[in-house]
Amino acid sequence: MTAYRYPDSNVFYRKLGRSYPRIVRGEGCWLYDEQGKDYLDAVGGAYVANLGHSNPEMADALAQQAREFGYLSATAFTHGPAEELAHELAGTLPGDLDKLYFLSSGSEAVEAALKLARQYWVEAGKPGKHRIIALAPSYHGNTLLALSASAREQYKVPFREWLVDVTRIPAPYAYRCECGGESAACPTCSGSALEAAIRRAGADTVAAFIAEPVGGSSTGASTPRPEYFRAIREICDRYQVLFVADEILCGAGRTGTWWAIDQYGAVPDLMTLGKGISGGYAPLSAVAAPRRIVDVIAQGSGSFLHAQTFSFHPVACAAGLAAVRLLKRDRLVERSAALGRVLHERLAGLAELPHVGDVRGRGLLAGIEFVEDKGTRAPFPRAARFAEAFTEAAQQAGLVVWPNVGHADGVNGDLVVVAPPFIIKEREIDQLVTRFRTAHASAVSAIKAGAR
Ligand SMILES: Cc1ncc(COP(=O)(O)O)c(C=O)c1O
């Protein structure tokens, strides 16, 4: 085998048209490939490695649990890691969200949360409530119900016939909104678009509204106006619609508070957690629910209809428990807020680059949106594949970022997101910015060369 690329290896790679560097070691915010090249992991892989790579306490926690027992079925037994992790998380979650259902991936958690919303209404005697409302742009996962909830048209094309209809309202995405996020009267940015959508659909048909409290990849770390989620809460209460906060990407300290919704003073009915809750040391996600919802099922059918073999996995829960305890002991959520301020101060300088239209975000989550024309905010045409070119150039420059495309109008739009581990140091933030500038210069010259 000469290269790690399809079809030379037996791996069915995620991208079939590129070569993959083979990583042999990670340490803190850094990854090293077999050639010895270093990569500053500025996005924790996929917003996951919040504690950094190769943390020895995490490694010990997993090994310890595997030595006690690696797997048991959650239908028959409970165990220490699930009990203690649920207790630790419940202490951080907003309002009355204190029951935790553990799964593996974010898509599974979204799938489960939406099914729970539906089962709740059926058992509460309102079986007509089935419709889901979600934002555009948005992303909630890749399994079929989670994909249905996602406004990622390019992912859906071959599967359209299998997807369910989801009602869309525009996401509060200041850079692309006519009001620039400045108007309290704007239906999109104030949240009143949700009320109009519920009324159009008929409240007795709407089960749930799902949204990320701070936009992840889809809107490149856009932060809704401060009153947005209080308005959403009031609307959901008025029309008896469950508000599902998807905190898979923006939660677990990423935006400088335990949960991104904390900064809005609103309590969701259900929450999905994932990615960083285990620091990536094991696949772990969860649905958080309050007793007022779970009781309806406890007193009705008696069980939530969402069984999965690897739910409540002991080693994954042990990883989550160790991660949450580390976040608390080392005050890493506070560190995310403090270093987030440094990150945003240093990234602000990127706005002077010729094709950087906007730099935004909160805590250690930042989106950098690229445009062809900064004056009109016109995106590059999709055919230029700027986000992809930037991401490859960044990898060449030893920087890992996360790209997103299509957010400007459903097809065009290029941005990248950075979300470094909470242990990042100031000098590493400076290295991030230097490598970003190098990648930007190469991507711009590659695009210009392609256009000639
Ligand atoms: C907000 C949000 N929800 C759900 C998911 C799906 O998570 P997973 O990829 O673990 O299935 C993602 C993944 O990026 C996400 O960003």
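Just so you know, residue 1 is the first one in the sequence shown, and it goes up from there. Just follow the structure's listing: the first ligand is 1, and inside any ligand the first atom is 1.
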Legend entry - Mutual orientation of the aromatic rings belonging to Phe243 and Phe229 [parallel < 30°, tilted 30-60°, perpendicular > 60°]: parallel
Inset, instruction - Give the numbers and elements of all ligand 1 atoms closer than 4.0 Å to a heavy atom of Tyr139. - result: 1 (C), 2 (C), 3 (N), 12 (C), 13 (C), 14 (O), 15 (C)
Inset, instruction - Give the residue and atom name of whichever protein heavy atom lies nearest to atom 3 (N) of ligand 1, and the separation in Å to one decimal. - result: Asp246 OD2, 2.7 Å
Legend entry - CZ/Arg152: more than 12 non-hydrogen atoms of other groups inside 6.0 Å: yes
Inset, instruction - Measure from NZ or CZ of Arg225 to the centre of the six-membered ring of Tyr228, then state whether that distance is under 6.0 Å and the direction lies within 45° of the axis. - result: no
Inset, instruction - Would you indicate which of Gly215, Ser218, Gly106 comes nearest to atom 7 (O) of ligand 1 when only heavy atoms are counted? - result: Gly106
Inset, instruction - Around atom 1 (C) of ligand 1, find the nearest protein heavy atom and jot down its residue, atom name and distance. - result: Glu212 OE2, 3.1 Å
Inset, instruction - Could you pull out, from Ser107, Ser104, Ser138, the option with a heavy atom nearest to atom 11 (O) of ligand 1? - result: Ser107
Inset, instruction - Please work out which of the three classes, parallel, tilted or perpendicular, describes the rings of His440 and Phe386, given edges at 30° and 60°. - result: perpendicular
Legend entry - Nearest neighbour in protein (non-hydrogen) for atom 14 (O) of ligand 1: Lys275 NZ, 3.0 Å
Inset, instruction - Identify the heavy atoms of Ala208 and Ala117 that sit nearest to each other, and give their distance. - result: CB-CB, 4.1 Å
Inset, instruction - Going by heavy-atom distance to atom 4 (C) of ligand 1, choose the closest among His140, Glu111, Glu108. - result: His140
Inset, instruction - Indicate the ring-plane relationship of Phe304 and Tyr101, choosing parallel, tilted or perpendicular according to the 30° and 60° boundaries. - result: perpendicular
Inset, instruction - Classify the ring geometry between His313 and Tyr71 as parallel (under 30°), tilted (30 to 60°) or perpendicular (over 60°). - result: tilted
Legend entry - Nearest non-hydrogen protein atom, atom 16 (O) of ligand 1: Leu249 CD1, 3.5 Å
Inset, instruction - For Glu247 and ligand 1, answer yes if some heavy atom of the residue is under 4.0 Å from a ligand atom, otherwise no. - result: no
